[in-house]
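Okay, structure first, notes after.
Lettering follows sequence order; numbering is per chain, from 1.
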Amino acid sequence: MLDQLALLGRIGLGAIAGLGRAHLLMFGLLRGLGDLWPRPLLLVHQIHSVGVLSILIITVSGLFVGMVLGLQGHYVLSKFGATQTLGVMVAASLVRELGPVVTALLFAGRAGSALTAEIGLMKATEQLSGLEMMAVDPVKRVLTPRFLAGFIAMPLLASMFSAIGVIGGYFVGVGLLGVDAGAYWSQMQANIDLHEDVYNGVIKSLVFGFVCTWIALFQGYDCMPTSEGVSRATTRTVVHSALAVLGLDFILTALMFGN
Amino acid sequence: MSTEEPLVKIRGLRFSRGERVIFDGVDLDIPRGKVTAIMGPSGTGKTTLLKLIGGQLRPDAGTIEVDGRNVHRLGNRDLYTLRKRMGMLFQSGALLTDLSVFDNVAYPLREHTALPKSMIRKLVLIKLEAVGLRGASGLMPSELSGGMARRVALARAIALDPMMILYDEPFTGQDPISMGILVKLIRELNDASRLTSVLVSHDVHETASISDFIHVISEGRVVESGTSTEITGSRKAWVQQFMGGRPDGPVPFHYPGADLADELMGDARC
C-alpha cells in the first residue's frame, strides 16, 4: 500500500517537474523571438519545412472532408427541404470547427512528429550540446524559429483546409446533387459572419499552432537521447497534441459560442 | 609542474546522477599550454567531467575555475563569453548534419564575428587545411568517415582560436591511420597554437604518447597524477592493471556474485 502511494507520488512529481520544464522552455522560446529579427532566413526555412511541405496533406484532406460534408449535409438538409442552405452548413462546420481541429491533428502527425524526431536526434547526436559549447543557445537558434514557424503556419494551413473544403462541398452539392450554385454561395455569404465564425476559427488555429509546436519541440528537447527515447517522444507528441487540441477545442468553443 | 597558475582548477568536486555518485571529492589542476589527459575505465565519468568544465552540468558541491573564473557562478552571458574561448571535440563529432563541411567550420565565425564573407572563407580554408580536409569543404557530414568527421569537428573547434580544447574520447572507433592523424594533430595544434588541451580517453598508448600530464580517475576519485613516464611506471596495482590492460587484478575479472560451487550445486541441494 505504502509502495503504491510512493509510486503515485513519484509519478505525480515527475509530471509536475515535466510541466515545469515545458514552461521553462516556453519562456526560453518567447525570449528568443527577439533574436530572430536579424536572421529572417532561419524563419523562412522553417516555414517552408513546417508549413509549405504540409500543404499537400492539408489540401487533399480538406477536399475530402468538404466533399463528405456536402454529401452528409445534403442528406440531412433534404429531409427538411433546406438543401439550399448547404453552403452555410459546409462553411460553418469547416471555418468554426473542422478547419482548425483537423488541420491541427494533421499538423501534429506530419510536422509535429518531424519536429520532435529532428530535435531529439540533434540531442542524441550531441548537436545541441555542440552548439552550447560553441556559445550558441540552441533554444534561440534551433527551436525558436521552428516555434514561430508553426505558430504562423497553422492558421494559414487551416484557412487553406477550410477554403478547399468549401470547394469540395461545392463539387458534391452543386456538381453531383443538384443544389443551386447561386444559393450555395449567396447563403454562405449572407450567413457566415466574419467576427463570429472566421475570426474565432483563426483564434482557435493560432492557439492550436502554439500548443502543437510547443509540445513537439518540448518532447524533442526533453527526450532521452537514445533511439528508443526519440521514438517514444515522437509518439507522445502525436498523442499529447491530439488530446490538447480536442480538449482546448471544447474550452474555446464553450468560451466563444456558449452564450 | 610549472608554478604558473593552472588554467583549470577543480577543488572538492562532487557530482552524482540519482543515487550513483560519479565524483566524490575530486581535486585536479590542468596546467596552461600542455596536453593533459584524464584517463580511467568506461563509466567513470570522464565525459561528465568535460561537461562540468564546460558548464553544461552543475556540480553538487565543489568549484571549477577556468582561467580564474568559477564556471558555475557565471551568468549565461559570461558563461557563453567564456565558451567562445573553449573548443570541444565531441566523440561523435556533433557536426550539424544539414550544413556542409565548409558551413560547419564557418558556423562559429558567422555567429560570433562580424568578419566579411571573404575573410571567413579564407579562415575556414586555413582551418580545414590544418586538419588536411580543405578538399572536402563541399561535402556533407553524411559523406564523411568517422575520422574525417572528427577532423572537421576539430577544425570547427579551433575556428575561433580558443585558449583550450576539450577532447572527448577522440580515438574511439578509429582505424590506425585515422588514429595516427588525430594523435599528430592534437599534439601539433597544441604546440603551434599554444593551446591547452584536455584529453579524455581510455586509449592508453596513444594518450600516453602525446600527454604531458595524466590524471587517472576511478570510482569518483583521482587515484594517480603525474607525467606520462611517472604514470606508466606507477607502483600502484590498480594503475598498473589499467595502463597494462591486464584482465585481472584489483579490478576483478569476475563480476561479484555467489560462490561458484554453491551456485553449481544449487539444483542438487533443492
Stepwise, does the salt bridge (Lys or Arg N to Asp or Glu O under 4.0 Å) test hold for B:R32 with B:D67?
CA-CA 9 Å; B:R32 291 169 194 268; B:D67 202 21; 2.9 Å; yes
Residue part contacting chain A, namely of [X], when any heavy atom lies under 4.5 Å:
{"X": "B:M86", "value": "both"}
{"X": "B:L166", "value": "side chain"}
{"X": "B:T81", "value": "neither"}

Do you know which of [options] has the most heavy-atom pairs under 4.5 Å to chain A?
{"options": "B:E111, B:M88, B:K84", "value": "B:E111"}
{"options": "B:Q91, B:Q56, B:R156", "value": "B:Q56"}
{"options": "B:L79, B:T97, B:L89", "value": "B:T97"}

Would you mind checking if [Y] and [X] are paired as a salt bridge, meaning a charged N to carboxylate O distance below 4.0 Å?
{"X": "B:D191", "Y": "B:R187", "value": "yes"}
{"X": "B:K51", "Y": "A:E132", "value": "no"}
{"X": "B:K127", "Y": "B:D161", "value": "yes"}

Can you tell me which portion of A:L131 sits under 4.5 Å from chain B's heavy atoms? Options are side chain, backbone, both or neither.
side chain
Can you confirm whether more than 12 heavy atoms, excluding those of B:R11, are under 6.0 Å from its CZ atom?
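It does: B:R11 CZ has more than 12 such atoms within range.
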Plane angle bin for A:F147 and A:F151 - parallel if under 30°, tilted between 30 and 60°, otherwise perpendicular
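Aromatic pair A:F151/A:F147 classed parallel.
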Residue from A:R39, A:R141, A:M122, A:M133 scoring the most non-hydrogen pairs under 4.5 Å with chain B is A:M133
